[in-house]
Every structure is written in structure tokens, then in C-alpha cells.
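In what follows, a structure is listed as C-alpha cells, so that the remarks can point back to it.
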Amino acid sequence: MSNAVSGLPVGRGLLYLIVTGAIWGTVGAAASLVYRTGDMGPFALSFWRCAAGLVLLLAGRRLRSRVRPATPEPLRRRAGKALATGIGLAVFQTAYFAAVQSTGLAVATVVTLGAGPVLIALGARLTLGERLGAGGVLAVTGAVAGLAVLTLGGSAATVRPPGVLWALASAAGYCAMTLLTRWWGRDTGADASGTTIGAFGVTALCLLPFALGEGLFPHTDHPVRLLVLLAYIASVPTALAYALYFAGAAVVRSATVSVIMLLEPVTAAVLAVVLLGEPVTAATVTGTLLLLGAVAGLALTEARDRREPVPV
């Protein structure tokens, strides 16, 4: 069934989000290879990711406009959407980096990605009138539990309050970005592609001062390898994935979006086992199964609810 406003079928929106979550799980491995190849820092990497991704998105939009012109939106509306979404994306990324630096990767990931579905479920209920129901609450709870087991299982993670606060700020930025995308997806003439491009432009500008302070241009003995890695990060988990994310998030319930995005740590865990040779542990298997079960349950609920006739 199609969303009445945007015209994108909900099933296709779910597929877009599943692909996005899986693709985003490759970013960590690619970033670790970048750090090994040169002295690029996280803010510089994030800036180049957004800046290069923006160029690719603009090129793709130009090619699509020759085939099917985009629905025009008032300039003030487009600017407002770009500013709000871009700031949310910048807070999401930058606060997460600060949380990782302060309290470590494991705790930062659990707090950010674990708080995200909870904040989004509450926000969607209060601002959009979206109900999760008992099954949805159970799925969100299982997803957060699975994330905690997958990320913290067997680790000696240290919890530091400043890092937790940064992680909660990151989750709040992610929540705002998701809810705004869903809100605008209900409007006639919503342009997901334009929103993505505008958000990337704002985010790149927000990150530029941090990247300059860190060192914008890295030193490396393997420039070709570094360029290939940056090209992958900018094209696949950035330009492609965010375009799919904003399109899917416009037609799928916000809480469902946040849980499907937890496929990211699942993909990262699989890559760690397959490519990096990390051992398969009970925590890895348990956490992965809990997350996949929550994603499947909410996806099926979303599809079923959209097939039910609307009372008149």
C-alpha cells in the first residue's frame, strides 16, 4: 500500500530503511581503515563524508531532474527544513563523537542508539499521535536489550557521566531529525531528495570549524587507498544510505524507523567476525537475534497496519 501523501509504498520504505541500516553498519569498519591509513581525525572524516556526499547527491538530483522534474517547494520552506534537519544531523554526529571520546565506544553506542528508539517513540506519540501498542513497546524493549547485550557483552566498559550526557544529546539530535522527517513526509509535495541535500549542506557547514581545528587534510603514505576509502564512505553509506533513509522515514512510523536502524550494530558485529576475525560469542549471537527479532516484528506490524482499512 502507498502512503497517501508521498506516493512511496510503505513496503518499499521499509526496504529502504533495512538497506540503510545494513549499509550504515559498514561505516565503522571503513572509518577504522581510514584511521590506519592516515592521520585523519573523526571530525575531518565526518566533514569530508558530508561534503563529498553532498556533491554526489547534487549530481544525482541533476540527472533525475532531466527525467522527472522535482515538485517545487517555497524557498522559505526548503530553507527551514534544511536548517532544522541539518542541525539535528550535526548534533547527532558531533555529540556521538564526543561521547565516544569521553566514555568509550561501547557505552556511547548503547546510550545513543538505545535512547533513540525510546525518545522517538515518546516524541511520535506526543507530536504525531503515533501509537506503538503493546507489541511495539515489547519490540522496542527487546531492541534496546539486544543492543546492550551485543555491545556490552563481555566488555569492561567504563561509564562516565559527561560521556553519557553527550550520548543523550546525540540521541536527541537523532530523534529530532527522524520526527521532523516523518512530519514533513505527511505534507503534500514533500521533497525527500531536497531535504537530504539541504541537510547535508548545513551539516557540512556545522562540522567545518571542528574539522579545521582538527586538521582538514590528512598526511598519509597511501593516498590512493585513502581516497578509495573516502569515496566509498561518501557514496554508499552516506549519499545512497541517507537518501534512502529520508525517503523511508517519511512514510514509516518513527518508532519503527528507529528500531530498524539498529541493524547498523548487527552489520558491524557480522563484519567484525567475518573480516576482522573476532570470535563469535554468546553475547554476539544473543544480541543479534534480539535485534533482528525486534526489527522483523515491527516491520510486520507496520505492513499489517497499513493494509488494514481506515474507518470512515
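What you see is a predicted model, and the numbers here were worked out from it, not measured in a lab.
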Do the side chain of [X] and the main chain of [Y] share a donor and acceptor less than 3.5 angstrom apart?
| X | Y | answer |
| --- | --- | --- |
| Thr220 | Thr37 | yes |
| Thr181 | Ala250 | no |
| Arg49 | Pro237 | yes |
| Ser102 | Ala98 | no |
| Asp39 | His219 | yes |

Review item, side-chain donor-acceptor pairs of residues 137-148, under 3.5 Å, at least two apart:
unit_1 : atom_1 : unit_2 : atom_2 : d
Thr141 : OG1    : Val137 : O      : 2.8

State which residues pass side chain to side chain donor-acceptor pair (under 3.5 Å) with Thr267; sequence neighbours excluded, sorted by chain then number. none
Under the rule for side chain to side chain donor-acceptor pair (under 3.5 Å), what residues qualify as partners of Ser46, not counting sequence neighbours? Gln93
Does the plane of the ring in Tyr242 sit parallel, tilted or perpendicular to the ring in Trp24? Use 30° and 60° as the thresholds. tilted
Output a table of donor-acceptor pairs, distance under 3.5 Å, between side-chain atoms of residues 167-175 and any protein atom two or more places apart or on a different chain; print 'none' if there are none.
unit_1 : atom_1 : unit_2 : atom_2 : d
Ser170 : OG     : Phe92  : O      : 2.7

What is the minimum heavy-atom distance between Gly13 and Val252, and which atoms define it? C-CG2, 4.0 Å
Are Leu17 and Leu15 linked, directly or through intermediate hydrophobic residues, by side-chain heavy-atom contacts shorter than 4.5 Å (ILVMFWY only)? yes
Connecting only ILVMFWY residues whose side-chain heavy atoms lie within less than 4.5 Å of each other, what is the rest of Val202's hydrophobic cluster? Leu83, Ile87, Val91
Show every donor-acceptor pair shorter than 3.5 Å between a side-chain atom in residues 221-233 and any protein atom, with sequence neighbours excluded, or say none if there are none.
unit_1 : atom_1 : unit_2 : atom_2 : d
Tyr232 : OH     : Thr26  : OG1    : 2.8

